[in-house]
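Start at 1 and go down the list; that is how both ligands and their atoms are numbered.
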Amino acid sequence: MVDVDTGIDDSLALLFLLASPDAEIVGIASTAGNVAAPVVAANNLAWLDVCRAGPIEVALGSLTPLVVPLVTTEDTHGPRGIGYAELPPSDRALSARSASDLWVDVARRHPGEVTGLVTGPLTNLALALKAEPQLPQLLRRLVVMGGAFHYAGNTTPTAEWNISVDPEAAKVVFDAFSAAALPPIICSLDLTETIEMKPDHVARLAQTAGSVPVEEISADHSEATRSTATNPIVRHFSDAVRFYMNFHRDHGQGFLAHMHDPFAAAVALDPSIVTTRPVTVDVELTGTLTRGMTVADLTGMWGRPPNAEIATQTDPEAFFDLLIERIGSWARTLYPPVAS
Ligand code: BDR
Ligand code: CA
């Protein structure tokens with residue numbers, strides 16, 4: 001079960017899961033965050049079309065966080081959340097039920113079987129917990145991209161985006177999942193900012209997909225430039241990620257893009273790709289400067305048992321090798337290259 005605020009890196013997380021033979025997406029919750037929830041939902045449906053996916057339920061989430069107004073970030077992800085990509089609008093129908101109802105139903109129907117992956121604000125999972133407090137016991141495991149532990153935030157000096165958009169929801173989730181059999185794995189900025197996608201990764205992915213011409217993403221390309229890749233998955237993703245690379249460059253991080261969400265997706269599929277550390281995690285709700293900050297009690301000062309495993313170490317290039325091979329070969333099968 002995937003909960004996303006699609007989102008450029010959320011898009012690649014979806015592609016990675018769709019390309020993974022060991023993953024079955026049983027539902028997609030569309031959460032307000034990078035862009036408004038209806039735009040997120042439209043993006044999710046459109047990606048399913050591009051990926052020629054079978055029927056997967058896509059549900060609309062709450063239009064706002066639990067208690068504060070929604071803030072979106074089109075400057076990071078583009079006006080429609082997918083950078084410069086222009087996905088054909090989908091005719092697929094949105095689910096008639098809400099994202100929180102979808103969470104509850106999926107967990108109840110497959111007790112102990114479903115891994116939950118959240119790569120956006122935790123609003124809809126928090127709402128689902130109100131309807132079904134047993135969710136932590138019903139899910140197999142939860143993996144969350146969010147937070148920053150002893151590390152600068154990317155939204156405020158101390159807060160990471162997904163938590164910052166809806167801190168109350170994050171607290172509800174972290175508190176509730178202290179009752180889970182397997183503690184949630186949290187992939188926070190301190191690790192996900194080491195997952196740097198560079199133009200060469202996109203070129204390799206395109207080559208693996210058999211897409212032509214050689215996929216070149218350059219900081220010199222104008223805003224109007226669009227990929228001419230023959231493979232639609234490569235073409236749309238390349239247009240999306242170039243926007244994200246421009247954003248990172250404009251913020252002094254280099255011409256690259258942090259792949260927070262696909263990394264969390266890979267952890268959800270195979271937790272052995274990260275080293276983790278058990279800690280007690282909580283969220284600052286009232287600080288005048290630090291609202292939305294995730295706080296980890298590393299030495300047990302609160303006297304509360306650990307409620308999460310924080311991902312602390314990984315091999316970023318091994319992750320990219322896996323991602324490129326998996327998405328590239330799947331994209332090639334979906335859209336076989338035409339012999340010239
Ligand atoms: C997170 O914020 C969003 O903008 C990204 O999609 C990612 O989930 C990183 O802080
Ligand atoms: Ca996201």
Side-chain angles (χ1 to χ4, degrees), residues 1-17 25 28-37 39-44 47 58 61 65 70-83 85 99 116-125 142-149 151-167 169-170 173 184-197 237 240-241 243-248 250-251 253 256-268 283 291-294 310-311 316 319:
M1 171 73 197
V2 186
D3 191 323
V4 285
D5 63 335
T6 318
I8 295 169
D9 56 333
D10 303 80
S11 297
L12 192 62
L14 286 176
L15 297 184
F16 180 76
L17 292 173
I25 302 180
I28 303 178
S30 309
T31 290
N34 291 321
V35 285
V39 184
V40 170
N43 290 342
N44 293 335
W47 275 120
V58 176
L70 175 65
V71 182
T72 55
T73 184
E74 283 79 3
D75 61 330
T76 313
H77 290 268
R80 291 175 305 277
I82 46 173
L117 169 69
V118 184
T119 65
L122 289 145
T123 313
N124 292 299
L125 184 51
L142 179 67
V143 176
V144 173
M145 189 285 128
F149 296 103
Y151 189 80
N154 61 358
T155 306
T156 74
T158 56
E160 180 276 334
W161 174 258
N162 290 336
I163 308 297
S164 173
V165 169
D166 197 343
V173 170
I185 301 178
I186 304 183
C187 302
S188 56
L189 276 191
D190 23 312
L191 191 60
T192 62
E193 285 198 351
T194 68
I195 312 295
E196 299 181 333
M197 177 172 263
F237 177 67
V241 80
F243 186 101
Y244 212 25
M245 288 182 180
N246 283 341
F247 170 83
H248 285 77
D250 295 347
H251 288 76
Q253 292 167 310
L256 51 84
H258 295 140
M259 284 299 140
H260 314 277
D261 296 348
F263 176 69
V267 172
V283 183
R291 183 173 149 78
M293 178 181 183
T294 41
I310 296 181
F319 161 74

*Asks:* Anything under 30° is parallel, anything over 60° is perpendicular, the rest tilted; go ahead and classify F319 against F263.
*Replies:*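 Perpendicular.
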*Asks:* Can you say whether the rings of Y244 and H248 are parallel (under 30°), tilted (30 to 60°) or perpendicular (over 60°)?
*Replies:*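 It falls in the perpendicular class, over 60°.
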*Asks:* What I'd like to find out is whether the side chain of L12 reaches to under 4.5 Å of the side chain of D9, using heavy atoms alone.
*Replies:*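 Side chain of L12 against side chain of D9, heavy atoms only: no contact under 4.5 Å found.
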*Asks:* Please say whether N34 places an N or O atom under 3.5 Å from an N or O atom belonging to ligand 1.
*Replies:*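 N/O-N/O distance under 3.5 Å: yes.
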*Asks:* Hey, is ligand 1 close enough to D261 that some N/O pair sits below 3.5 Å?
*Replies:*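 Yes, there is a polar N/O contact under 3.5 Å.
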*Asks:* Please state whether T76 comes within less than 4.0 angstrom of ligand 1, counting heavy atoms only.
*Replies:*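 No, that is not the case, since the closest heavy atom of the residue is not under 4.0 Å from the ligand.
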*Asks:* Please report which non-hydrogen protein atom sits nearest to atom 9 (C) of ligand 1, along with the residue it belongs to and the distance in Å to one decimal place.
*Replies:*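 Nearest neighbour among protein heavy atoms for atom 9 (C) of ligand 1, to 0.1 Å: E160 OE2, 3.2 Å.
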*Asks:* So, do D3 and L117 sit near enough that their side-chain heavy atoms are less than 4.5 Å apart?
*Replies:*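 D3 vs L117: side chains apart.
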*Asks:* Between the side chains of T72 and E74, is a donor N or O closer than 3.5 angstrom to an acceptor N or O?
*Replies:*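 Present: a donor and an acceptor within the cut-off.
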*Asks:* Checking N34 against D5: is there a side-chain donor and acceptor pair closer than 3.5 Å?
*Replies:*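 Result is yes, a qualifying pair exists.
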*Asks:* When you check the space around the Ca ion (ligand 2), which protein N, O or S atoms turn up under 3.0 Å?
*Replies:*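 Near the Ca ion (ligand 2), below 3.0 Å, one finds D5 OD1, D10 OD1, D10 OD2, T119 O, D261 OD2.
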*Asks:* Between T192 and ligand 1, which part of the residue brings a heavy atom under 4.0 Å of the ligand: side chain, backbone, both or neither?
*Replies:*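 T192 to ligand 1: no contact under 4.0 Å from either part.
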*Asks:* Quick one: does H258's side chain get under 4.5 Å of L256's, heavy atoms only?
*Replies:*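 Contact flag for H258/L256 side chains = yes.
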*Asks:* I want to know whether F243 and H77 have ring centres closer than 6.0 Å.
*Replies:*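 No, they do not, as the ring centres are separated by 6.0 Å or more.
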*Asks:* Hey, is ligand 1 close enough to D9 that some N/O pair sits below 3.5 Å?
*Replies:*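 Between D9 and ligand 1, an N or O pair is found under 3.5 Å apart.
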*Asks:* What is the closest protein heavy atom to atom 2 (O) of ligand 1, and at what distance does it sit?
*Replies:*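 Looking only at protein heavy atoms, the one closest to atom 2 (O) of ligand 1 is W161 CD1, 3.2 Å.
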*Asks:* Under 4.5 Å between any side-chain heavy atoms of H260 and C187, yes or no?
*Replies:*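 No, too far: nothing below the 4.5 Å cut-off.
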*Asks:* Would you check if there is a donor-acceptor pair between the side chains of S164 and N162 at a distance under 3.5 Å?
*Replies:*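 Short answer, no.
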*Asks:* Heavy atoms only, cut-off 4.0 Å: how does I8 contact ligand 1, side chain, backbone, both, or neither?
*Replies:*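 No part of I8 comes within reach of ligand 1.
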*Asks:* Quick one: which ligand 1 atoms are inside 4.0 Å of a heavy atom on N154?
*Replies:*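 Under 4.0 Å from N154, ligand 1 has these atoms: 9 (C), 10 (O).
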*Asks:* Any heavy atom of H77 closer to ligand 1 than 4.0 angstrom?
*Replies:*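 Yes; H77 lies near enough to ligand 1 that a heavy-atom distance drops under 4.0 Å.
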*Asks:* Could you pull out all residues at least two apart from A240 that satisfy side-chain contact (heavy atoms from CB on, under 4.5 Å)?
*Replies:*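 side-chain contact (heavy atoms from CB on, under 4.5 Å) check on A240 returns I8, A85.
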